[in-house]
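Only one structure is covered here, and it is reproduced in the block below.
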Amino acid sequence: MDNRPIGFLDSGVGGLTVIKEMFKQLPEEEIIFIGDQARAPYGSRPAEQIRDYTWQMVNFLLTQNVKMIVIACNTATAVAWKEIKEQLTIPVLGVVLPGASAAIKSTQLGKIGVIGTPMTVKSDIYREKIQRLAPDMQVESLSCPKFAPIVESNQMTSSVAKKVVYETLSPLVGKVDTLILGCTHYPLLKPIIQNVMGRSVKLIDSGAETVHDVSVLLNYFEINRNRKEKQVEHYFYTTASPKGFKEIAEQWMRRKITVEHIDL
Ligand code: DGL
């Protein structure tokens with residue numbers, strides 16, 4: 001048993017798609033989440049900067065005495081997961097591998113699409129992980145630089161969002177039977193993405209898949225939270241205004257939360 005919280009980080013609200021799954025799949029666990037909204041989006045930034053910002057969030061989470069860290073951001077996972085994992089003594093999970101495995105499981109035709117930020121697509125990390133596990137899989141990646149800013153500005157249901165998603169995804173339509181949402185912001189655009197790709201395309205939420213791996217690790221290391229302990233308390237931090245974060249978060253997770261501002 002280990003009653004310390006689990007730390008989650010993202011460039012902004014995207015990581016909440018992982019938290020929503022945490023509340024569903026592992027409601028007994030305590031969560032500390034940090035979103036670096038003041039500097040989002042990360043996806044178009046240089047790798048060195050993404051690496052520095054990610055380490056700043058990791059170091060903040062370490063001051064909070066977390067028992068595990070989940071890098072709930074594909075971009076940060078692509079750039080920094082390996083070195084962070086190697087340097088910390090607590091388990092560190094990224095969101096890419098769980099999404100890659102789920103896509104392999106789901107595809108019938110061996111044709112997998114990946115959508116992500118410019119950095120995630122440039123890193124080619126999904127193709128690498130997928131083809132290392134299953135070399136015959138065809139992987140087609142597409143960069144969607146406008147998606148995360150739409151989510152950060154809470155425009156998910158706007159006509160602009162529909163137009164942007166339609167225009168951006170058109171090169172993938174009809175080409176894949178499984179599509180990895182390779183950015184944790186994208187599940188907030190899921191209804192539009194599904195509509196554009198067609199009902200038969202299976203959408204893989206890499207963040208949600210990651211929660212399954214969190215559960216496996218908690219069991220493996222026997223560090224689950226003791227159910228009999230005091231009520232769980234969750235902590236949410238943003239580097240921008242708590243008001244904007246809270247609005248999107250409460251709408252998405254359908255629950256009230258407290259958000260504090262923090263400078264990194
Ligand atoms: N949520 C992030 C991801 O999963 C990054 C979005 C961004 O800041 O560009 O890649």
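Just so you know, these numbers use all the heavy atoms, side chains as well, and skip hydrogens, waters and symmetry mates. First listed ligand is number 1; within each ligand, the first listed atom is number 1.
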K122, NZ atom: more than 12 neighbouring heavy atoms under 6.0 Å: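 Incorrect, the count does not exceed 12.
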Mind checking whether [X] and [Y] have ring centres under 6.0 Å apart?
X    : Y    : result
H234 : F23  : yes
F245 : Y237 : no
F33  : Y235 : no

Who's the nearest protein heavy-atom neighbour of atom 1 (N) of ligand 1, and how far?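 Protein heavy atom at minimum distance: H185 ND1, 2.7 Å.
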Would you mind checking which non-hydrogen protein atom is closest to atom 7 (C) of ligand 1, with the distance to 0.1 Å?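 Sorting protein heavy atoms by distance from atom 7 (C) of ligand 1 puts Y42 N, 3.3 Å first.
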[X] heavy atoms, cut-off 4.0 Å: which ligand 1 atoms fall inside?
X    : value
C183 : 1 (N), 2 (C), 3 (C), 4 (O), 5 (C), 6 (C), 10 (O)
G43  : 7 (C), 8 (O), 9 (O)
T75  : 3 (C), 5 (C), 10 (O)

Could you tell me if the side chain of V79 sits less than 4.5 Å from the side chain of M119, heavy atoms only?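 A side-chain contact under 4.5 Å exists here.
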Mind listing the closest non-hydrogen atom pair of L142 and V121 along with its distance?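 Taking L142 first and V121 second, the nearest heavy atoms are O-CG2, 3.5 Å.
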What do we get for [X] next to ligand 1 when only non-hydrogen atoms under 4.0 Å count, side chain, backbone, both or neither?
X    : result
T117 : side chain
S11  : side chain
D10  : side chain

Answer yes or no: is there an ion pair linking E30 with K67, defined by an N-O contact shorter than 4.0 Å?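 Here E30 does not pair with K67 in a salt bridge, since their nearest N and O are not under 4.0 Å apart.
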Measure the distances from the heavy atoms of C73 to every atom of ligand 1 and state whether one is below 4.0 angstrom.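 Yes.
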